[in-house]
Protein chains: 2
Amino acid sequence: MRPYSQIIEQLRAAGLRPTRQRLALAKLLFENAPRHVTAEVLHVEAQAASMPVSLATVYNTLHQFTEAGLLKEIVIDPQRSHFDTTISDHGHFYFEETGHLQDIPSGEATLTQMPVLPEGTKVKSVDVVVRVFNN
Amino acid sequence: MRPYSQIIEQLRAAGLRPTRQRLALAKLLFENAPRHVTAEVLHVEAQAASMPVSLATVYNTLHQFTEAGLLKEIVIDPQRSHFDTTISDHGHFYFEETGHLQDIPSGEATLTQMPVLPEGTKVKSVDVVVRVFNN
DNA sequence: GTGTTTGCAAAGTGTTTGCAATTTA
DNA sequence: TAAATTGCAAACACTTTGCAAACAC
């Protein structure tokens, strides 16, 4: 769990004012970190916690936090976007039946080698997804 | 390039009649394999090749081909679905700026080990995406 | 006070669906 | 002829946007 003051600091550093809405969402995200959320889930949680934030603001905030380096967007589901409080490169298990997402412990999903990159490109991230189903 | 008769065979095996539309799309897909397409791109190509197919049918067909094991769906872009004519597990380079997709040569993107799976689950696929940008 | 942020509702994008007309076997 | 397939338009789910009101500094 990340110290709260650090969040405010990072928001400021990114030029984001620590508004009531952003702090509410940061609280939900980082006091329960590490975790994965969709916009909808976070929106519902905010209502439930009596810290209502409009869905549009949830979307905006998730993207702003991602830009600020507080979150990482995980592309795993063609239907909806997922965001992860753990920003370092790491793999995920994805339960297709439930839409649930789980981190793969660090070191358990690394490549044997970095592939030869196409001419003139640099790596932004290496994403590993192990899709699993219950049996 | 996959022999054409084999496609018809696989369609029949999957219970799919080899209609004009499916054959047109199969031609575009497999005569230029290996390749990656989105529904929109394939739709435009069909028009251009004077083999018009409605967009709804393109979507249906891509999914039917995927179910039949002729294509693999690649989740890489929150905006749109991509399909790949290469169905074996293999990694991809994704050019975020252009939305372009490129296979990583087989063997260059394997994991050092298969991570310990969550209790009671089996692997459906292991997807590796290296997101790159031009520098 | 000034510029930023929010919330709403409307618009947008990619995708799916209902159904009559058409095609395949 | 019976069952599958197509194409259209409408419906859908998720996300983004325009803009006036509210807020942060």
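Predicted model only: the values in this text are computed from it and were never measured. In what follows, every heavy atom counts, from backbone to side chain, and hydrogens, waters and symmetry copies are set aside. Chain naming here is simple, since letters A, B, ... match the order of the sequence lines and numbering starts at 1 in each.
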- Query: In B/S/- notation, 5' to 3', how is nucleotides 3-15 of chain D contacted by protein heavy atoms closer than 4.0 Å?
  - Reply: BSSSBB-----SS
- Query: Quick one: side chain to side chain donor-acceptor pair (under 3.5 Å) partners of A:Thr38, sequence neighbours excluded?
  - Reply: none
- Item | For B:Gln21, all residues meeting side chain to side chain donor-acceptor pair (under 3.5 Å), sequence neighbours excluded | none
- Tell me, which pairs form a ring-ring contact (aromatic ring centres under 6.0 Å, His included) where one or both residues lie in residues 68-89 of chain B, sequence neighbours left out? B:His63-B:Phe83
- Message: Tell me which pairs pass ring-ring contact (aromatic ring centres under 6.0 Å, His included) where either residue lies in residues 100-135 of chain B, with sequence neighbours left out.
- Response: B:Phe95-B:His100
For [X], side-chain contact (heavy atoms from CB on, under 4.5 Å) partners two or more places apart:
X	value
A:Val123	A:Met114, A:Leu117, A:Val126, B:Val130
B:Ala26	B:Ile7, B:Phe30, B:Phe65
B:Gln47	B:His43, B:Pro52
A:Val75	B:Val75, B:Pro78, B:Arg131

- Message: Using five pairs at each end of the helix from C:dG1-D:dC25 to C:dA25-D:dT1 to define an axis, what is the angle between those two axes, to 10°?
- Response: 30°
- Let me know the distance between CG of A:Leu62 and P of C:dT5, rounded to the nearest Å. 16 Å
- Take the protein atom CG of A:Leu11 and the nucleotide atom C1' of D:dC25, then report the distance between them rounded to whole Å. 15 Å
- Query: Quick one: CG on A:Leu70 to CG on A:Leu25, what's the gap to the nearest 0.5 Å?
  - Reply: 12.0 Å
Do any N or O atoms of the protein come closer than 3.5 Å to N or O atoms of nucleotides 19-21 of chain C, and which pairs are they?
none

- Partners passing ring-ring contact (aromatic ring centres under 6.0 Å, His included) against B:His90 (at least two apart in sequence or in another chain): B:His92
- Query: When all nucleic acid strands are considered with a 4.0 Å heavy-atom cut-off, which category describes A:Pro78: base, sugar-phosphate, or nothing?
  - Reply: nothing
